[in-house]
Amino acid sequence: MSGPSLMDSLFQRTLEDLIKGLRQQLIGEQAFISKALEEIRKEIKSTDLSTKSTALLKLCYLSNLHFHDMSFAAFHALEVLSSPRFSHKKIAYHAISLSFHDSTPVLLLITNHLRKDLTSTNEFEVSLSLQCLSRIANVDLARDLTPEVFTLLSSNKLYVRKRAVAVVLRVFEKYPDSVRVCFKRLVENLENYDPQILSAVVGVFSELACKDPRSYLPLAPEFYKILVDSKSNWISIKVLKIFAKLAPLEPRLANRVVEPICDLMRKTGAKSLLFECVRTVVTSFSEYESAVRLAVGKIREFLVDEDPNLKYLGLQALSIVASKHLWVVSENKEVVIKSLSDPDPNIKIESLRLVMAMVSEHNVAEISKVLVNYALKSDPLFCNEILGSILSTCSRNVYEIIVDFDWYVSLLGEMSRIPHCQMGEEIENQLIDIGLRVKDVRPELVRVARDLLIDPALLGNSFLHRVLSAAAWVSGEYVEFSRNTLELMEALLQPRTSLLPPSIMAIYIQSAFKVLVFCLHTCFVRGGSTAGVSASASYESFDDLSVENGADSTVAHGQTCTSAPITNESIVNLLKLVELALSPLLGSHDVEVQERARNLLGFVDLIKLEALNSSGQEENDSERKGVEATKIIRLVHDAFSKELGPVSLSAQGKVPVPDGLTLNENLGDLETICGDIELPTLNTFSFGYPSEEMDVSSFSNLQIKEDSGQSNESTALLAEHRKRHGLYYLPSGKSEVISNDYPPANDPALQGDNNDNASDLVKLTAESLVPKRKPNHSKPRPVVVKLDEADEKPVAVKQPESRDDSLSGAVRDILFGGEDILPTSSRSNLPNSNRKGKEKQHMITQVESKENVVDDGNSSSRRRKDHSHGKERRHRKKNAEERNETDRKEKESSSNHPRRHKSRQRAEEPLKVPPQTSVIPDFLL
């Protein structure tokens, strides 16, 4: 041994030293690890295998603990693997299992090392190599080492045979053709009486049966024998998993197996085996009433057990059986409802899923009412679980269980006011989606949106801003169904909307634009007023915006709703309200808010110029101005009145791409094309119109001057508005604390309706879970617009054949007698008559095709050079006559022997072999 290697070994730090050093590093652990890695990189290049193996062991520790890359040590691990010492091999195999993968460059170099250790007389070396093969095996390794694994499947050492059986699963997955070599010996191990080997074999077949159970039906007798005779709970559980896959494929098999499973349920005391029996019965033997009732009794024992794990398993089994046997849930409904208040969150969620699985169009209203009341008393996490379950269940398959959409829209509004609600995005999507799909629900939808917009508590909850966005959009889009448009404008332009994000504020402004256009259209166009509004109309108080003299009062949904007529004075006050609310937004930093505010104010200015300032002019000129204003209002109203409908997700994909348009073209040369265009800088950015040239400071000064000129009048109007609508304003008194947070809506401490005890909740839910007759609805279910493709279930696309399919095909060929199982070496030495026949036939076909090509070439050459090939032509003519004579004699002989002719026809036709079915011995069926 050389000097440097000896010095490295003497002063090398061991793994224990590395761990102690890491524990002592309270600060600077990363620096210590970096220094240790540098030492490892030097030590691993040593020629001493002990030094190299120690460095490799320390690298494995750092890789496991701190996830450091150890791919640089791949070749060094192979060097340590070549050591004859078992301790070095153990470290090397551990490092290879951690670091090697399919793309490792030196992966193929390990084949000979594995083959050598697989044939070793030391059973521990064999087990190490098998364990490593199960982790890193790819197609090449599985193919090359299949003979060695085949030999180990019949090893006399039980420890080795057990690991060989386990590694077969990985070999089959990577190289399906190995099934033809190893499968028969794997099946033979099912008859082994050693529990360890039998457990490994059953575990392998349990995994294989999960992918394609039909291929393993012929092995049902062996599995049945194991189920009856086995004393190991683990083996019985694995066999039950196999029969759960096989029983639905063969009803006679289920009839034979159900009784032993019921005996296991009656006799076993192991909870794990009992639960597996119950799950097998409720999933695959649900047609057997006696077995199901026995399983339900065992489920009841799980539900009343004090152990929360067993209670959770009972709820899970109950949810499985509920899809086919509704009476099971009815018998255990009290336990399910009480589980909603269990301290274990997993139990609460599982019981909630069980309750939602019971929902149908007959009881959706009752169950939703119970769950919403329960959400008011729950913690924030479980409250949102309840709300999410209600939303997902009710919207399933385009609201197929919803009959009364007015009730469901009201429920969405009620859910928005729950203090812990964080489902704003989903509620927003459903409010808009229902408005687009169901026309009959739009009046109720507008009413719910109005209630949401005037509720000041919702503005301070960031989780519900999306709900307010939907409410604002609905109010503007379907404003014709609003009972009081003036009140709606006040809600959209209230001062507390400044708490909303800019994207939501933009929707508020656009909805206010739609409402204003509707009011103007109603007043001027529908009312027939073309003379305009007198500019001398005094700006009275904003009290007139809500209730006018002679307003009609109507009662809707239990509330008195005042329908205020739109008059000229209210229009004037409405325009002033728009100017007062949106003028500060002209300097907004958000482009969307600024643009929409400027659009609305520009429209207001246009209407005032055309119609409101015509009092001092002549009568004809005034009429002309009024006609122009009416045209503008009608034009904008027509633009907003176009009805929107639901759009398919694939609609954009159906739009044809215009000729010459390349969507995937690189835009790297965009800077060259647009190089002459000078973009405005921050100093020259203007909020004005394109014709205006002013900087930010000049704009601010101008705005201050305009505001100071109108301060007196605006202050008076603002004070009057605050006096009447103080709820919409922030507190401004000196003694008041300014806060953006209102008290939460529907606070349980402020409402007495939410203090119901648990017994009332159980009683109400129990009544809702009882199956009822289909009620006679007072009104039919409204039409729900559905799309052709977006609302349909996705169609399964046929995938190309995978390794699992080839593995199943190989198993079927073996179990159904398709071919014999021989080792690879012995199969190559035996003559294969079928292969030779196919090769001979292939060679004949090739020769005939070559002759045809030659004949074609000669015939074409004869046409070109017929004068120089007279002899060849006469010779070929003679051969053609001889061939015709031979064909004629064959036809005559075939007519004399019709059976031979028919047999030759059958031989020439393609074989029509029916698909082979699974063969199960009669004694089992």
Side-chain angles (χ1 to χ4, degrees), residues 118-119 126 130 133-134 137 139 141-158 160-194 196-227 235 238-239 242 245-246 803-835 916-921 923-924:
L118 287 174
T119 56
V126 177
L130 287 173
L133 182 62
S134 66
V139 178
L141 287 176
R143 181 186 64 246
D144 297 337
L145 300 177
T146 295
E148 285 73 20
V149 175
F150 171 78
T151 305
L152 295 176
L153 286 175
S154 59
S155 175
N156 295 328
K157 300 176 181 179
L158 299 181
V160 174
R161 190 193 296 187
K162 178 183 68 173
R163 291 184 173 269
V165 169
V167 81
V168 159
L169 182 62
R170 173 83 175 196
V171 174
F172 283 179
E173 290 177 353
K174 295 297 181 179
Y175 184 59
D177 287 343
S178 62
V179 173
R180 310 181 189 278
V181 179
C182 302
F183 193 80
K184 185 176 181 181
R185 188 158 290 182
L186 182 66
V187 173
E188 292 174 355
N189 282 294
L190 285 173
E191 301 176 358
N192 196 293
Y193 292 100
D194 185 79
Q196 295 183 359
I197 294 179
L198 190 59
S199 175
V201 177
V202 172
V204 170
F205 278 108
S206 176
E207 295 296 328
L208 292 174
C210 290
K211 299 176 181 178
D212 184 22
R214 187 176 295 276
S215 300
Y216 305 95
L217 272 175
L219 299 177
E222 284 77 9
F223 297 140
Y224 178 82
K225 183 180 179 182
I226 295 172
L227 178 65
I235 295 176
K238 289 296 183 180
V239 174
I242 295 174
K245 300 293 183 181
L246 299 183
R803 288 180 181 174
D804 293 340
D805 299 333
S806 57
L807 174 61
S808 302
V811 171
R812 282 193 292 268
D813 291 343
I814 295 168
L815 292 179
F816 301 151
E819 56 180 274
D820 297 331
I821 303 300
L822 293 175
T824 308
S825 57
S826 59
R827 188 192 304 175
S828 60
N829 295 331
L830 293 177
N832 193 338
S833 59
N834 294 333
R835 185 185 305 172
Q916 294 177 335
T917 57
S918 306
V919 180
I920 304 177
F923 75 87
L924 181 60

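For the numbers below, each heavy atom of this structure counts, side chains included, while hydrogens, waters and symmetry mates do not.
Using a 4.5 Å heavy-atom cutoff, the side chains of Glu173 and Glu207 are not in contact. For the pair Leu186/Phe172, a side-chain contact is recorded, criterion being any heavy-atom separation below 4.5 Å from C-beta on. Residues Asn189 and Val165 form a side-chain contact, since some pair of their non-hydrogen atoms from C-beta on lies under 4.5 Å apart. Looking at heavy atoms from C-beta onward, Ile242 lies in side-chain contact with Val202 at the 4.5 angstrom threshold. Residues Val149 and Leu133 have side chains in contact (heavy-atom distance under 4.5 Å, counting atoms from C-beta outward).
Around the NZ atom of Lys157, the shell of radius 6.0 Å holds more than 12 heavy atoms that belong to other residues, nucleotides or ligands.
In this structure, OG in Ser206 is found 4.5 Å from NZ in Lys238, a value given to the nearest 0.5 Å. Distance check, rounded to the nearest 0.5 Å: CG of Leu153 to CZ of Phe183 gives 12.0 Å. Rounded to the nearest 0.5 angstrom, Ile226 CD1 and Phe205 CZ are separated by 9.0 Å.
Between Leu130 and Val167, the closest heavy-atom pair is O-CG2, 3.6 Å. In this structure, Glu222 and Leu190 approach most closely via the heavy-atom pair CB-CD1, 4.1 Å. Closest approach of Val204 to Ala166, counting heavy atoms only: CG2-CA, 4.3 Å. Contact detail for Leu246 and Pro213: the closest heavy-atom pair is CD2-O, 3.1 Å. When every heavy atom of Cys182 is checked against every heavy atom of Thr146, the shortest pair comes out as SG-CG2, 3.8 Å. Scanning both residues, Asp194 and Asn192, for their nearest heavy atoms gives N-OD1, 2.7 Å.
A centroid separation of 6.0 Å or more is found between the aromatic rings of Phe223 and Tyr216.
Using modelled atom types, no side-chain atom of Ser155 and backbone atom of Thr151 make a donor-acceptor pair closer than 3.5 Å. Side-chain N or O atoms of Arg185 include one that pairs as donor or acceptor with a backbone N or O of Phe150 at under 3.5 Å.
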